[in-house]
Amino acid sequence: MAETNGSRGSTPNVLPPPQRPLEVHAPAVPSPLNPDPMSKRPSRAPAREQREKKESLKKREATATAGVSKSTSQKRKAVEAPAPVRYNFKAPKLSDFEPPKEPIFASHEPTPFFTPDGKTELKKPTDHAENKKQYRYTHCVADPLFRHKEWYRQSDSKPFGPRLSFEDSDRSMHFDEATGRVVTHEKGWRMSRGNVVAREGRWYYEVKIIKGVPEEGPVLGAFGPQPHIRMGFARREAPLDAPVGFDGYSYGITDIRFETMHRSRSGKFFQPTKSSKSKSKKATAVTQKASQAPDSPPDNVCEGDVIGLEISLPSLALHKKIVDGSYNPAVDMGDGFDSTPYPSVSALIDPLAAAEKASPDIVRDRIPVPYKGNVFFEQLEYQATKAMESYSDRGPFNSVQPNANHEEPALRSLPHSSIRVYKNGKLVGTAFENLMAFLPPASAPQPGAGARMGFDDGMLGYFPAISSFSGGIAEVNFGPNFFFPPPEYKSTRRDATMTGTNDANVDKELPIGRQLRAAGERYTEQIAEDIMWDLVDEVDFFMRDGGYQFEG
């Protein structure tokens with residue numbers, strides 16, 4: 001018994017059997033209450049397909065009719081193009097069918113304004129509609145042939161021809177009554193824009209200083225302010241109560257020190273270096289720190305000097321790519337004038353889509369308004385955007401840098417665009433490059449004012465602009481008889497090609513968009529464009545009224 005008790009108290013020296021790591025918690029025999037976790041769960045049965053319902057005959061007929069009408073409405077919607085809004089207003093009077101009356105001018109009181117030679121008196125136009133901050137006015141006349149377009153079409157008043165616009169000038173500007181090309185102002189800076197606009201191509205005009213800085217220079221110690229003149233190009237958003245070059249919507253040239261002016265910042269003339277492959281890479285309109293012109297310009301622009309300004313803009317097709325955000329500098333390397341005007345293969349396949357991409361959206365929402373014996377088209381004006389206001393800010397830490405692919409459409413610049421300046425027929429240098437884009441959505445009316453966004457009325461672009469200060473007098477010359485025509489204008493003018501001259505300098509293969517042309521030629525082109533768009537609007541309203549079935 002003792003041995004038995006002693007054997008029970010001894011510890012057996014036997015090791016436990018090794019355990020398998022993957023079956024530590026797995027039962028030896030799985031059961032419904034203690035299943036094996038490593039076993040796979042049975043897959044669910046596939047969902048049963050629903051049985052297709054058969055529709056009745058009446059329902060199938062109704063669905064087929066609705067499908068046909070829906071497809072027809074979709075086709076009509078695809079064919080429809082943007083059209084102007086039809087407004088309700090009173091029927092025209094008999095006097096509305098007469099041509100616009102001549103403007104009325106009033107002499108300055110108490111002392112009339114005369115040019116220094118005493119031959120021309122400068123007067124202030126009165127009794128005419130003036131462009132305000134939110135509205136723009138153009139002459140119109142009632143025409144019995146435009147009954148679907150509510151009778152009115154575009155017109156103009158005397159003096160006919162390219163000149164400074166009386167409606168698009170500050171109300172205190174004075175002009176010569178005969179031509180409307182001599183302008184002055186007695187007080188602070190005010191601006192006047194021309195009635196021609198540059199949208200694409202190359203255009204040239206001249207400004208002659210009649211009264212400004214004397215030839216011997218500014219008079220030191222003179223009592224009161226002295227007369228000054230600035231010239232350049234301005235968009236419609238640029239304010240009329242400020243000089244050209246005041247903000248980002250205009251580019252100006254000063255008479256004192258003969259400098260460039262943009263966003264109220266002065267700069268110097270420059271020329272791109274010969275080694276630069278692209279003008280936009282080496283010299284920009286923002287920095288203007290490229291190499292100086294070989295011949296340094298004189299200090300001032302004095303009385304009797306003639307300043308020539310040439311603006312170059314890319315084609316509207318390239319411009320539209322930039323504002324739409326589809327511009328690719330690796331592909332769109334030219335100025336857009338090399339593209340053939342003939343329809344491409346894609347245009348033959350889908351002519352509606354090709355026409356939508358190629359043609360600009362010219363939509364003019366206007367209403368005729370009687371004023372002082374004349375009738376004017378009133379439309380909402382394009383306004384300055386917040387992005388451009390931040391770009392024009394004169395703060396010391398303004399880091400806004402426009403480019404062709406900027407995220408803001410208003411801050412996109414145009415490659416292959418520039419403004420070159422001549423003095424008395426001699427090229428001084430390039431004043432600006434990479435000008436700001438102006439097609440919508442880069443230009444937009446006031447939001448919430450009732451205007452539709454994204455439409456171009458055909459008059460967006462850069463206008464010749466003159467600013468006068470304290471009695472400065474200037475005369476504009478839109479051609480074709482310039483005081484100092486540039487050499488390139490002589491060799492590429494259209495009349496030389498049409499007369500069949502054998503001059504070797506005339507390049508007949510040069511596209512019209514690259515030829516240097518007089519700004520006055522835009523006047524006849526704008527008349528043709530106004531007639532065309534008036535006819536297009538009339539046909540559009542004619543179709544809205546039911547076509548030949550109209551009985552109104």
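Hydrogens, waters and symmetry mates are skipped; everything else that's a heavy atom, side chains included, is used. Nothing here was measured: the structure is a model prediction, and the numbers come from that model.
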Asp170 vs Arg190, salt bridge (charged side-chain N to carboxylate O under 4.0 Å, His left out): CA-CA, chis, key distance, verdict: CA-CA 6 Å; Asp170 188 82; Arg190 295 295 186 269; 3.5 Å; yes
Distance (rounded to the nearest 0.5 Å) between Lys423 NZ and Phe484 CZ: 11.0 Å
Any Ile512 side-chain heavy atom under 4.5 Å of Gln515 side chain: yes
Close side-chain approach of Gln526 to Val196, heavy-atom, < 4.5 Å: yes
Steps toward salt bridge (charged side-chain N to carboxylate O under 4.0 Å, His left out) verdict (Lys386, Glu389): CA-CA 5 Å; Lys386 293 183 179 180; Glu389 290 178 354; over 6 Å; no
Test item: Pro402 and Met436 side chains (from C-beta on) under 4.5 Å apart, heavy atoms: yes
Interatomic spacing from CG in Leu414 to CG in Leu318 - rounded to 0.5 Å: 8.0 Å
Sidechain-backbone polar pair: Trp151 side chain, His148 backbone, donor-acceptor under 3.5 Å: no
Polar side chain donor-acceptor pair, Asn374 to Tyr137, under 3.5 angstrom: no
Matching residue for Val182 among Val476, Ile466, Thr120, Ile210 - test: side chain to side chain contact (heavy atoms under 4.5 Å, CB included): Ile210
Any pair counted as ring pair (Phe, Tyr, Trp, His ring centres under 6.0 Å), so long as it reaches residues 365-390, sequence neighbours left out: His139-Phe376
Donor-acceptor contact present, side-chain Thr184 to main-chain Gly472, <3.5 Å: yes
Criterion salt bridge (charged side-chain N to carboxylate O under 4.0 Å, His left out) on Glu488 and Arg514, from CA distance to verdict: CA-CA 11 Å; Glu488 190 175 357; Arg514 294 176 184 166; over 6 Å; no
Exam field: side chain Asp540 to backbone Val536, donor-acceptor pair closer than 3.5 Å: no
Partner of Glu310 by side-chain hydrogen bond (donor to acceptor under 3.5 Å, both in side chains), out of Tyr422, Tyr489, Tyr204: Tyr422
Where Met261 and Arg230 come nearest, the two heavy atoms and their spacing: CG-NH1, 3.9 Å
Over all atoms of both residues, closest heavy-atom pair of Val244 and Ala465: CG2-CB, 4.2 Å
Shortest non-hydrogen contact from Phe166 toward Pro103: CE1-CG, 4.0 Å
side-chain contact (heavy atoms from CB on, under 4.5 Å) between Thr260 and Ile419, worked out: CA-CA 10 Å; Thr260 65; Ile419 296 178; over 6 Å; no
4.5 Å side-chain heavy-atom contact, Phe463 and Ser165: no
Asn477 side chain to Asn481 backbone, donor-acceptor under 3.5 Å: yes
Cationic tip of Arg263 above Tyr391 ring, under 6.0 Å, 45° of axis: yes
Met388/Leu411 under side-chain contact (heavy atoms from CB on, under 4.5 Å): CA gap, chis, key distance, verdict: CA-CA 7 Å; Met388 285 294 290; Leu411 297 179; 3.9 Å; yes
Pairwise salt bridge (charged side-chain N to carboxylate O under 4.0 Å, His left out) hits with a residue in residues 232-250, at least two apart: Arg235-Glu237, Arg236-Glu381, Arg236-Asp457
Geometric class of the Tyr462/Tyr251 ring pair [parallel <30°, tilted 30-60°, perpendicular >60°]: tilted
Donor-acceptor contact below 3.5 Å, side chain Arg163 vs main chain Thr179: no
Which atom of Arg364 lies closest to which atom of Pro84, heavy atoms considered: O-CB, 3.5 Å
Ring centers of Phe542, Tyr548 separated by less than 6.0 Å: yes
From Phe105 atom CZ to Asp176 atom CG, the distance as rounded to the nearest 0.5 Å: 8.0 Å
Short side-chain to backbone donor-acceptor contact, Ser250 and Gly245, under 3.5 Å: yes
Other residues, nucleotides, ligands: >12 heavy atoms within 6.0 Å of Lys101 NZ: no
Side-chain touch Asp168/Ser192, heavy atoms, less than 4.5 angstrom: no
Atom pair CZ/CG of Phe337 and Leu510 - distance to nearest 0.5 Å: 10.5 Å
From Lys321 atom NZ to Leu316 atom CG, the distance as rounded to the nearest 0.5 Å: 13.5 Å
Under-4.0 Å salt bridge between Asp545 and Arg86: yes
Ser418 side chain vs Ser312 backbone, donor-acceptor pair below 3.5 Å: no
Closest heavy-atom pair and its distance - Arg366, Thr138: NH1-OG1, 4.2 Å
Criterion side-chain hydrogen bond (donor to acceptor under 3.5 Å, both in side chains) on Ser172 and His185, from CA distance to verdict: CA-CA 7 Å; Ser172 58; His185 181 256; 2.8 Å; yes
Asp456/Arg199 under salt bridge (charged side-chain N to carboxylate O under 4.0 Å, His left out): CA gap, chis, key distance, verdict: CA-CA 12 Å; Asp456 175 20; Arg199 291 169 58 86; 2.7 Å; yes
Approximate separation, where rounding is to 0.5 Å, of Leu122 CG and His174 NE2: 8.0 Å
side-chain hydrogen bond (donor to acceptor under 3.5 Å, both in side chains) partners of Glu121, counting only residues at least two apart: Ser107
Chi angles and distances behind the side-chain contact (heavy atoms from CB on, under 4.5 Å) call for Ser467, Ile229: CA-CA 6 Å; Ser467 298; Ile229 291 292; over 6 Å; no
Ring center gap for His319 and Phe438 short of 6.0 angstrom: yes
Over 12 foreign heavy atoms within 6.0 Å of CE, Met543: no
Donor-acceptor contact present, side-chain Asn195 to main-chain Tyr523, <3.5 Å: no
Residue pair Glu102 / Ser157, side-chain heavy-atom distance below 4.5 Å: no
Side-chain touch Leu516/Pro486, heavy atoms, less than 4.5 angstrom: yes
Heavy-atom check, side chain of Phe146 versus side chain of Phe541, under 4.5 Å: no
Exercise: identify the closest heavy-atom pair between Ser413 and Ile322: O-CG2, 3.9 Å
Evaluation steps, side-chain contact (heavy atoms from CB on, under 4.5 Å), between Tyr135 and Leu380: CA-CA 5 Å; Tyr135 297 96; Leu380 293 174; 3.5 Å; yes
